[in-house]
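Each remark here refers to the structure printed beneath this line.
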Amino acid sequence: MATQLKNLSDFSHTTVPDGSPYKFAIAVAEWNAEITGSLYNGALQTLLKHGVKAENIISVPVPGSFELTAAAEILLQKHKDLDAVICLGCVIQGETRHFDFICDAVANGVSNVGIKHSKAVIFGVLTTDNQQQAIDRAGGKHGNKGDEAAITALKMAELTATV
Ligand SMILES: Nc1c(NC[C@H](O)[C@H](O)[C@H](O)CO)[nH]c(=O)[nH]c1=O
Ligand SMILES: CC(=O)[C@@H](O)COP(=O)(O)O
């Protein structure tokens, strides 16, 4: 379903687990900081709203979305008690194919890190044609992808703990 047909922050249709037992890390890219800052605030507030203790949330900045894969690997290596890692970024198409390489690298990279560690690594990265599309998905008319990423992390933490 395209984002235009749903709101990234509407979870009234689903049950969200209690987050109090779980520990999360949030890695945030500094590129497009005005966007990623909104994603981070959305993810953080959503985790806290659903019972995650502030002391159980590790937040780390990385230079760009390409570095999110390395951050997820480092965090899961150093913090064995993490239940999930949320990766937040915003990649906006420029004049060259650099966009394609970054998006492919991050999507495949964070997926592979999660599989390697048997922990959920959440792909909370906006990959947009332009700035307005990013604004619309970082607290704008389509909601906040950071909220969605946090809800996904909570659900996957419960799955990992209960299967
Ligand atoms: N153009 C964007 C970037 N580019 C930087 C890369 O992510 C990376 O930091 C660099 O290639 C060095 O390894 N990053 C974003 O997150 N968003 C962009 O739009
Ligand atoms: C996604 C990017 O790296 C991109 O914004 C960089 O812009 P350009 O492709 O014009 O160099």
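Everything numeric here is computed off the predicted structure, so don't read it as measured data.
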(request) Group every Ile, Leu, Val, Met, Phe, Trp and Tyr by side-chain heavy-atom contacts under 4.5 Å, then state whether Y40 and L8 land in the same group. (result) no
(message) Is there a continuous path of hydrophobic side-chain contacts, each under 4.5 Å between heavy atoms, that joins I58 to L39?
(response) no
(request) State the CZ-CD1 distance between F11 and I151, to the nearest 0.5 angstrom. (result) 5.0 Å
(request) Without swapping roles, check the side chain of N41 against the backbone of A43 for a donor-acceptor pair under 3.5 Å. (result) no
(request) Could you tell me the separation between the CD atom of E67 and the CD1 atom of I102, rounded to the nearest 0.5 Å? (result) 8.5 Å
(message) Does either side chain, that of Q133 or that of H142, offer a donor lying less than 3.5 Å from an acceptor on the other one?
(response) no
(request) Examine distances only and state if a side-chain atom of N56 and a backbone atom of V52 form a donor-acceptor pair shorter than 3.5 Å. (result) no
(message) Count I, L, V, M, F, W, Y as connected when their side-chain heavy atoms are under 4.5 Å apart, and connections chain through other members. Are L159 and V121 then in the same cluster?
(response) no
(request) Report yes if the side chains of Q77 and K116 come closer than 4.5 Å at any heavy-atom pair, otherwise no. (result) yes
(request) Assess whether side chain to side chain contact (heavy atoms under 4.5 Å, CB included) is satisfied between L126 and V91, documenting all intermediate values. (result) CA-CA 6 Å; L126 295 174; V91 189; over 6 Å; no
(message) I'd like to know if L154 and L88 are part of one continuous hydrophobic network [Ile/Leu/Val/Met/Phe/Trp/Tyr, side-chain heavy atoms within less than 4.5 Å].
(response) yes
(message) Between S9 and K145, is there a side-chain donor-acceptor contact under 3.5 Å, judged purely by atom types and distance?
(response) no
(message) Tell me whether V60 shares a hydrophobic cluster with I86, the cluster being built from Ile, Leu, Val, Met, Phe, Trp, Tyr side chains joined at under 4.5 Å.
(response) no
(message) What's the separation between atom CD1 in I135 and atom CD in Q132, rounded to the nearest 0.5 Å?
(response) 4.5 Å
(message) Can you confirm whether S118 sits close enough to I115 that some side-chain heavy atom of one is under 4.5 Å from a side-chain heavy atom of the other?
(response) no
(request) Give, for atom CD1 of I122 and atom OG1 of T152, the distance between the pair rounded to the nearest 0.5 Å. (result) 5.5 Å
(request) Flag yes if more than 12 heavy atoms outside F123 fall under 6.0 Å of its CZ atom; otherwise flag no. (result) yes
(message) If I take atom OG from residue S65 and atom CG from residue L68, how far apart are they, to the nearest 0.5 angstrom?
(response) 5.0 Å
(request) Quick one: pull up SG in C103 and NE2 in H98 and give me the separation to the nearest 0.5 Å. (result) 10.0 Å
(request) Taking all heavy atoms of T69 and all of A105, pick out the closest pair and write down the distance. (result) OG1-O, 4.0 Å
(request) Establish, from distance only, whether the side-chain atoms of N144 and E148 form a donor-acceptor pair under 3.5 Å. (result) no
(message) Looking at every heavy atom in both L82 and V85, which two are closest together, and how far apart are they?
(response) CD1-CG2, 4.1 Å
(request) Could you check if a side-chain atom of S20 sits within less than 4.5 angstrom of a side-chain atom of K53, using non-hydrogen atoms only? (result) yes
Validation: residues 24-36 side-chain donor-acceptor distances under 3.5 Å, sequence neighbours left out:
| from | atom 1 | to | atom 2 | distance (Å) |
| --- | --- | --- | --- | --- |
| N32 | ND2 | C90 | O | 2.7 |
| E34 | OE2 | Q131 | NE2 | 3.0 |
| T36 | OG1 | A29 | O | 2.8 |

(request) Taking all non-hydrogen atoms of both residues into account, name the closest pair between V62 and A71 and its distance. (result) CG1-CB, 3.6 Å
(request) Could you tell me which residues satisfy salt bridge (charged side-chain N to carboxylate O under 4.0 Å, His left out) with D81, sequence neighbours excluded, listed by chain and number? (result) K23
(request) Given side chain to side chain contact (heavy atoms under 4.5 Å, CB included), test T14 with K155 step by step and report yes or no. (result) CA-CA 10 Å; T14 186; K155 290 187 172 192; 2.5 Å; yes
(request) Please confirm whether the backbone N or O of E158 pairs with a side-chain atom of T162, one donor and one acceptor, at under 3.5 Å? (result) yes
